[in-house]
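This report refers to the structure that appears directly beneath it.
Everything numeric here is computed off the predicted structure, so don't read it as measured data.
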Amino acid sequence: MNKAEFIAQVAKRGGMTKKDAEKAADAVFETLAALLAAGDKINLPGFGAFETRLRSARTCRNIHTGAPIEVAAARVPVFKPAKTLKERVDQCV
C-alpha cells in the first residue's frame, strides 16, 4: 500500500475528504518524526511504542573486496507493537 492508498482508506474510515485525511496523516507523521528526533518515546496503547535506540559503531566488511569498513554509531527509530496489535495481525493468517 502506498501513501495515496493509505490516505484513501483513512478518508473512507474517517468519513472525511481525501484532502482532510492527507492533512491529518501528514500532521501525525510529522509529529512522530519530530518527537523521535527530539529523543522522546511515543506510547500508543493498543497499537505500540515508537522510540529511538543507539546502534553502536562497528567494523564491517565490504562484500566485494573484503576490506574492513568502519560504520559510525547512529540513533535509529524502533517500533515495538502492542500485544493487541500482534494478536489482531495474527488472526489474519
Report, one line per pair, each donor and acceptor closer than 3.5 Å where one atom sits in a side chain of residues 48-58; sequence neighbours left out.
| residue | atom | partner | partner atom | Å |
| --- | --- | --- | --- | --- |
| Glu51 | OE2 | Arg53 | NH2 | 3.4 |

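Every residue meeting the side chain to side chain contact (heavy atoms under 4.5 Å, CB included) condition with Glu70, not counting sequence neighbours, appears here in chain and number order: Thr59. Applying the ring pair (Phe, Tyr, Trp, His ring centres under 6.0 Å) test to Phe47 and every residue at least two apart in sequence or in another chain returns Phe79. Arg61 pairs by the side chain to side chain contact (heavy atoms under 4.5 Å, CB included) definition with Pro68, not counting sequence neighbours.
Put simply, Met1 and Phe29 are part of the same group of oily side chains (I, L, V, M, F, W, Y) that touch within less than 4.5 Å, one to the next. At a threshold of 4.5 Å between side-chain heavy atoms, the hydrophobic network of Ile, Leu, Val, Met, Phe, Trp and Tyr places Met16 and Val28 in two separate groups.
Sorted by first and then second residue, the side chain to side chain donor-acceptor pair (under 3.5 Å) pairs involving residues 26-49 (not counting sequence neighbours) are Lys3-Asp26. Note on residues 73-88: no pairs pass side chain to side chain donor-acceptor pair (under 3.5 Å), not counting sequence neighbours.
To the nearest 0.5 angstrom, Leu85 atom CG is 10.5 Å from Leu44 atom CG.
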